Amino acid sequence: MYARFGFVSDARRVFNEMPVRDLGSWNAMISSYCQSGRAAEALSLFEDMRRNGVRMDCVTVSSVLPVCAPLNDLSMGKLIHVYVIKNGLDFDIFVSNALINTYAKIGCIEDAQRVFDGMETRDLVSWNSIVSAYEQAGEPSTALYLFGEMRKNSFQPDKLTFVSLASVAAQCGSFQNGRGMHGSATRRGWILEDIFVGNALIDLYAKLGRIDYAQKMFDTMAVKDVISWNTLITGYAQNGLANEAIELYHSMDKCEGITADQGTLVSILPGFSHVGALVQGKRIHGRSIRIGLHLDVFVGTCLIDMYAKCGRLDDAMLLFGEVPRRSSVPWNAIISGHGIHGHGAKSLFLFAEMQEEGVKPDHVTFVSLLSACSHAGLVDQGQRCFQRMQREYGIVPTTKHYACMVDLLGRAGQLDTAYDFIKSMPIRPDASIWGALLGACRIHGNVELGTLASDQLFEIDSENVGYYVLLSNIYAKVGRWEGVDKVRSLARDRGLRKTPGWSSIAVNNRVDVFFTGNQSHPRCKDIYKELGILLAQMKNLGYVPDYSFVLQDVEEDEKEHILTSHSERLAIAFGIISTPPKTPIHIFKNLRVCGDCHNATKFISMITEREIIVRDSNRFHHFKDGNCSCGDYW
DNA sequence: TTAGGGTTAG
């Protein structure tokens, strides 16, 4: 009774005083721990139960299994599974469903599938569980296939099916599909009945990049919970709208009946990491300490990521030393943190340490490791990681892993090997793979392979202007101007909508975003004035503008103006006039930093005696005394 | 006095 009203500690006292405990009382006590989210205590009581020789039944198993996933305790899950088989409990549908869910959450999709295959009868929960398992594993096509099978077996989808399918739709990236799902949920009246359905739709629209629709969905919901708020905050943050995310976060605090929770911090922090807003991020760190959440694995990991992405690797390491690190999650964050700063050797060292501590790496660990090796030029080590990932850990490479490998080989100049590698891939190469090859061809000025890669890219994703820019840069680099013209007119003929480039900088508690050619900033005049002064000084020191980065077909002086008003330069100039001399400047750019701006920033760092840290969509560039940490990648 | 599936990190 106590447990039902949430007084778990009282329930435990009664439990402790019981002269005789039967299976029912153990089960009741364990399940009350599970339901109040006290996973570790549930598991420890479960161990007591086993030590006392009490045999568990279907109820025990299905209430204790769900706590294995949050604790990332695969061995406990397996142990229970063995017990289940030995004692013939696997015929119970609750037990099998719980096993599917546990395996799926720990990332053992094959085990989940095996349990599902072995079931004699399945109910709606079994089908929902397996669909959701593949959705969580990032295999939307399999999830959709199983959904089809579910329909063939005459099961009608319910709201929970819908929630999984919404995530599947987000992974597939089709807005049309998303609209269709919204319509069907409305027709069935689900949006009014269940807050989860509305939340799933907010998430879906936000992931499809349609934050306007996400906001509309949020506005129309009669009842919102903390998750509705968190999901929308995440949406703004993931779409690069950090200021909107923080505004929402503040209005949430003013909203009665809604209290920021762990999920809120996890939602807002990546927004700050994204734009490099250290001061704002630190404030969240403070709040997390006040509400006792700073050592939570999720919050801790986001904080590690935030410090790393804001250029504070030392603070990231300090925090890493404090958070629980039984799961791969914080390890992945710290490995990737060192990787993006070009410290590949440290990433490898941390990986070795992770293995020593017996933490099982997952597919994300290897994405972080491979890209760390690639940025640091550690080709052999990267290749070994790729082999070990498959042989030792049985992880099947995804397109992300393949793209890292192409990048690794390509950056190091092994372009033919990279191309052979693509040809030998067992899956169809997507845009990210050819994009990695094209990027490498840009670095090494390989026109032949570059055209080959861009032909593929124009077929897969002809709308992405970034590839045209890269290809034209390749032609420009080797002085083939007729090629540059050809690509330009191709892009023009296809009427390409250009992805607007923007850069952001966090100064005085605000994140300022600059679009290329921006004229509307309150300090616009001062910014251009500063850029004019800098340009003159740079030219005296030998800077020559590189017009090959200007795609527009205009006169020379106009080209100079275009380069000077690139978003990264506006942000840097704003940083210079808004902070005391010699303060380091942190910039974030949504696309790759332009090659000419890269060169100009070297000069600016020398003239102003400032460290300038630019994180772009690809990597960190650390400018100091006229040099950049990334070497001569441009 | 007892059991299951959904949102948010890397």
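What you are looking at is a predicted structure, and each value in this text was computed from that prediction instead of being measured. Numbers restart at 1 for each chain; the letters A, B, ... are given by sequence-line order, proteins then strands.
Of the candidate nucleotides B:dG10, B:dT8, B:dA3, B:dA3 has the atom nearest to the side chain of A:Asp92. With B:dG10, B:dT8, B:dG4 as the choices, the nucleotide that has an atom nearest any side-chain atom of A:Phe94 turns out to be B:dG4. When distances run from any side-chain atom of A:Leu160 to the nucleotides B:dA3, B:dA9, B:dG6, the shortest one goes to B:dG6. Minimum atom distance to the side chain of A:Ala333 is reached by B:dG10, of the listed B:dA9, B:dT2, B:dG10. Distance from the side chain of A:Ile93 is smallest to B:dG4 among B:dA3, B:dG6, B:dG4. In the set B:dA9, B:dT2, B:dG4, B:dA9 carries the atom at the smallest distance from any side-chain atom of A:Pro270.
Among residues two or more places apart in sequence or in another chain, the salt bridge (charged side-chain N to carboxylate O under 4.0 Å, His left out) test is passed with A:Arg51 by A:Asp48. Shown here are the ring pair (Phe, Tyr, Trp, His ring centres under 6.0 Å) partners of A:Phe588, two or more places apart in sequence or in another chain: A:His274, A:Trp502. Annotation: ring pair (Phe, Tyr, Trp, His ring centres under 6.0 Å) contacts of A:Phe175 (sequence neighbours excluded): A:Tyr213. Legend: residues meeting side-chain contact (heavy atoms from CB on, under 4.5 Å) with A:Arg151, ordered by chain and number and at least two apart, are A:Phe147, A:Gln156, A:Pro157.
Atom CG in A:Leu65 sits roughly 11 Å away from atom P in B:dG4 (whole-Å rounding). Per the geometry, CD1 belonging to A:Ile233 stands 11 Å off P belonging to B:dA9, to the nearest Å. We find that CG of A:Leu232 is positioned 13 Å from P of B:dT8, with the value rounded to whole Å. To the nearest angstrom, C1' of B:dT1 lies 16 Å from CZ of A:Arg12. In this structure, CZ of A:Phe320 is placed 12 Å from C1' of B:dG10, rounded to the nearest angstrom. A:Asp158 places its CG atom 16 Å from the P atom of B:dG4, with the value rounded to the nearest Å. Taking atom CZ of A:Phe46 as the reference point, atom P of B:dA3 lies 16 Å away to the nearest angstrom. Spacing between atom CG of A:Leu319 and atom P of B:dG10 amounts to 15 Å, rounded to whole angstrom units.
Note: A:Phe116 and A:Trp127 have perpendicular aromatic rings, judged against thresholds of 30 and 60 degrees for the angle between ring planes.
A salt bridge (charged side-chain N to carboxylate O under 4.0 Å, His left out) check over residues 186-195 of chain A, counting only residues at least two apart or in different chains, returns the pairs A:Lys159-A:Glu193. Pairs of residues two or more places apart, or lying in two chains, never qualify as salt bridge (charged side-chain N to carboxylate O under 4.0 Å, His left out) while including a residue from residues 214-226 of chain A. Within the structure, the salt bridge (charged side-chain N to carboxylate O under 4.0 Å, His left out) test picks out no pair touching residues 358-373 of chain A (sequence neighbours left out).
The residue A:Asp225 sits apart from the nucleic acid: no heavy atom pair falls under 4.0 Å. Contact annotation for A:Val59: base contact, defined as any heavy-atom pair under 4.0 Å involving a base atom. A:Thr365 comes within contact range of no nucleotide atom at all, as no heavy-atom separation falls under 4.0 Å. As judged by a 4.0 angstrom heavy-atom cut-off over every strand, A:Thr234 is placed among residues touching the sugar-phosphate backbone only. At a threshold of 4.0 angstrom between heavy atoms, the contacts of A:Asp362 include nucleobase atoms, whether or not backbone atoms are also involved. In this structure, A:Asp57 reaches neither bases nor backbone, as no heavy-atom distance under 4.0 Å exists between it and the strands shown.
In this model, no donor atom of one side chain and acceptor atom of the other lie less than 3.5 Å apart for A:Gln215 and A:Tyr205. Side-chain contact, A:Ser267 with A:Thr234: a donor N or O sits under 3.5 Å from an acceptor N or O.
Side-chain atoms of A:Ser63 stay outside donor-acceptor range of the base of B:dA3, with no qualifying N/O pair under 3.5 Å. With hydrogens and angles ignored, no donor-acceptor pair closer than 3.5 Å exists between the side chain of A:Ser96 and the base of B:dG4.
Within the 4.0 Å cut-off from OP1 or OP2 of B:dG4, not a single side-chain nitrogen or oxygen of A:Lys105 is found. Taking only side-chain nitrogens and oxygens, A:Gln238 comes nearer than 4.0 Å to OP1 or OP2 of B:dA9.
Contacts between residues 191-203 of chain A and DNA chain B, counted as heavy-atom distances below 4.0 Å, involve A:Asp194, A:Phe196, A:Asp203. Of the residues in residues 288-310 of chain A, those placing a heavy atom less than 4.0 Å from an atom of DNA chain B are A:Phe298, A:Thr301, A:Asp305, in numerical order.
We find that A:Asp117 and A:Arg114 are not joined by a salt bridge, their nearest charged nitrogen and carboxylate oxygen being 4.0 Å or further apart.
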